[in-house]
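What follows is a short report on a single structure.
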Amino acid sequence: MILPAMRCLWLLPLALLALAGCGNIARLDPPPLRATESVPFLGLPNARFWLDGDTAPLTREWLAMQDRQVAALPPARRGVLPPANFLALSGGGDNGAFGAGLMVGWTASGQRPSFDLVTGVSAGALIAPFAFLGPDYDPQLREVFTQVAPTDVLIFGNRLRAVLFGEALADTSPLYRLIERHVNADLMAGIAREYGRGRLLLIGTTNLDLGRPVFWNIGAIAASGRPEALELVRRILLASASIPGAFPPVLVDVESNGRAYQEMHVDGGAALQLFLYPPRLDLRAAPGRPQPRERTAWVVRNGRLDTEWSSTNRSILSIAGRAATTLLHFSAVNDIVRVYLTSQRDGVRFRLAYIGADFTETRDQPFETNFMRALFAYAEAQGRQGGRWIEALRPIGSIDTTAPR
């Protein structure tokens with residue numbers, strides 16, 4: 001169930017466009033358009049990638065990842081790599097308790113693999129670092145998604161004043177403190193270590209100045225050794241979960257040609273609800289590299305796939321809110337279909353998990369503790385059973401939620 005309050009988080013920026021000029025908060029200029037794609041962060045040429053741009057940088061990173069995996073193998077086995085597993089975690093707000101519970105239950109089943117690639121958007125971004133580092137971080141997943149209350153995530157102030165003179169309805173400093181507590185030097189060291197072993201962790205945000213999705217290479221940032229890396233990763237995670245208009249955008253400092261600029265980043269879900277890798281990325285073996293191996297894409301939709309009936313009142317807020325909800329729902333469906341078709345093309349096995357219609361708990365406001373605990377427990381039980389994974393979309397181009405699981 002999508003609450004009216006949660007609908008309004010996405011709806012309000014649309015409904016109040018007429019007031020857009022009433023307030024303006026100073027910021028540094030964004031980088032020049034031509035410099036944006038190539039500007040380095042922390043001096044790294046591979047700190048981030050653009051899904052809708054040149055895929056050559058990500059292709060190079062992918063091949064380098066594979067080379068590091070090969071280097072870790074005994075010499076006699078360097079022609080064949082073991083099976084690979086990719087994990088894509090979608091957005092979903094407090095529904096992120098589903099993905100977190102699924103990971104913990106999956107660990108208990110003894111069937112959870114190690115993931116060569118983990119991607120996360122919004123709520124999925126908050127799960128992704130822990131899922132990437134493996135079962136040792138299950139306690140953190142349980143804490144973040146079952147021990148928080150609404151005030152541990154956001155604080156609402158004077159909403160009229162925020163609309164007229166602010167940049168967001170809510171203050172997300174509690175969410176930043178939650179991220180700060182868990183994303184620490186030890187976690188960064190673990191991510192850097194796994195990056196060196198040939199594993200990738202990508203977090204998606206939306207560059208609002210450009211209106212484009214960007215994917216941050218968290219492993220390369222963590223492995224940079226730069227003192228600013230920890231704060232950058234924290235701000236990336238905060239940005240990925242910052243619904244525009246509802247939560248403040250995150251400004252990321254950058255320098256180009258000796259001048260300081262700021263990029264404005266918001267929720268990755270403003271562009272994509274989930275992603276795995278760009279369809280233009282070629283996963284086939286390059287000359288001189290190991291032959292293709294078995295690959296599996298595990299896609300976790302932190303939300304439902306069935307549409308929910310709702311009586312819509314004849315008012316601007318009700319009509320626009322229902323339309324926004326529908327738009328977001330089918331945006332997620334389309335992202336899943338894109339990942340499925342790309343996986344089929346590349347010979348990657350596809351597995352999909354989501355919140356089923358059998359989960360019937362409700363909440364009166366976002367991030368209610370009891371709701372998140374119930375959803376976590378629901379998903380954990382699925383994980384303990386090995387998960388209820390859809391292996392194919394039938395018919396192609398849509399999702400049949402009655403398909404065998």
Side-chain angles (χ1 to χ4, degrees), residues 1-11 87-103 105-106 121-124 127 145 243 269 272-276 297-313 318-341 343-344 350-368 370-383 385-405:
M1 177 180 180
I2 298 179
L3 299 171
M6 297 188 74
R7 289 177 184 167
C8 289
L9 294 181
W10 279 97
L11 163 65
L87 175 67
L89 297 157
S90 84
D94 53 8
N95 281 331
F98 174 77
L102 187 67
M103 292 296 113
W106 204 357
V121 171
S122 194
I127 301 169
F145 286 93
I243 300 171
L272 294 170
Q273 297 294 304
L274 65 86
F275 70 99
L276 190 61
W298 305 91
V299 177
V300 178
R301 159 67 173 151
N302 288 306
R304 296 170 61 144
L305 291 181
D306 57 322
T307 56
E308 300 176 77
W309 180 89
S310 174
S311 177
T312 306
N313 297 325
S318 181
I319 293 169
R322 183 62 172 169
T325 299
T326 303
L327 173 67
L328 291 172
H329 174 83
F330 283 99
S331 172
V333 170
N334 290 337
D335 288 337
I336 293 169
V337 171
R338 183 191 66 252
V339 170
Y340 173 72
L341 294 176
S343 299
Q344 294 299 293
F350 176 86
R351 301 290 184 269
L352 169 66
Y354 57 89
I355 301 173
D358 55 334
F359 181 74
T360 58
E361 295 290 330
T362 61
R363 74 284 214 197
D364 295 323
Q365 61 178 320
F367 304 103
E368 279 188 356
N370 289 340
F371 171 83
M372 295 179 68
R373 287 176 178 172
L375 182 55
F376 187 99
Y378 165 84
E380 184 178 8
Q382 282 195 23
Q385 298 165 9
R388 299 187 303 180
W389 300 95
I390 280 186
E391 300 182 8
L393 305 188
R394 296 188 288 268
I396 295 294
S398 66
I399 296 176
D400 178 5
T401 58
T402 65
R405 301 182 69 180

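One-based numbering along the sequence shown. Keep in mind the model is a prediction, meaning the values are calculated, not measured.
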| message | Tell me every residue that passes side-chain hydrogen bond (donor to acceptor under 3.5 Å, both in side chains) with Trp106, counting only those two or more places apart in sequence or in another chain. | response | none
| request: Quick one: list whatever passes side-chain contact (heavy atoms from CB on, under 4.5 Å) with Asn313, sequence neighbours left out. | output: Ser315, Ser318
| message | Give me the atom names and distance for the closest heavy-atom approach of Ala297 to Ser343. | response | CB-OG, 4.0 Å
| field | Gly269 versus Val121, closest heavy-atom pair with distance | value | N-CG1, 3.3 Å
| task | In sequence, state the C-alpha distance, the side-chain angles, and the governing distance for Trp298 and Leu89, and then conclude on side-chain contact (heavy atoms from CB on, under 4.5 Å). | result | CA-CA 9 Å; Trp298 305 91; Leu89 297 157; over 6 Å; no
| For Ser331, side-chain contact (heavy atoms from CB on, under 4.5 Å) partners two or more places apart | Gln273, Asp335
| task | Only counting residues at least two apart or in another chain, list the ones meeting side-chain contact (heavy atoms from CB on, under 4.5 Å) with Ala97. | result | Phe145, Met372, Leu375, Phe376
| message | Distance check, rounded to the nearest 0.5 Å: Leu341 atom CG versus Ile336 atom CD1? | response | 12.0 Å
| To the nearest 0.5 Å, what is the distance between CZ (Arg301) and OH (Tyr354)? | 11.5 Å
| Looking at residues at least two apart in the chain, or sitting in another chain, which of them share a ring pair (Phe, Tyr, Trp, His ring centres under 6.0 Å) with Phe330? | none
| Considering all heavy atoms, the nearest Phe367-Gly93 contact | CE2-C, 3.9 Å
| field | Distance in Å, Arg363 CZ paired with Gln365 CD, rounded so as to fall on 0.5 Å steps | value | 10.5 Å
| Got Tyr340 and Val299 here, is their nearest side-chain heavy-atom distance under 4.5 Å? | no
| remark: dist Leu327:CG -> Arg322:CZ (nearest 0.5 Å) comes out at 12.5 Å
| said: Measuring from atom CG of Asp358 to atom CZ of Arg388, what distance do you get when rounded to the nearest 0.5 angstrom? | reply: 4.5 Å
| Of the non-hydrogen atoms in Arg338 and Leu274, which two are nearest, and what is the gap between them? | NH2-O, 3.1 Å
| Minimum heavy-atom distance between Leu276 and Val339, given as atom pair plus value | CD2-CG1, 4.0 Å
| query | Aromatic rings Phe359 and Tyr378: how do their planes relate, parallel, tilted or perpendicular, breaks at 30° and 60°? | reply | tilted
| note | Sorted by chain and residue number, the side-chain hydrogen bond (donor to acceptor under 3.5 Å, both in side chains) partners of Ser122 (sequence neighbours excluded) come out as Asp267
| Asn302 CG to Ile127 CD1 distance, which is reported to the nearest 0.5 Å | 4.5 Å
| query | Is the shortest heavy-atom distance from the side chain of Asn95 to the side chain of Phe371 under 4.5 Å? | reply | yes
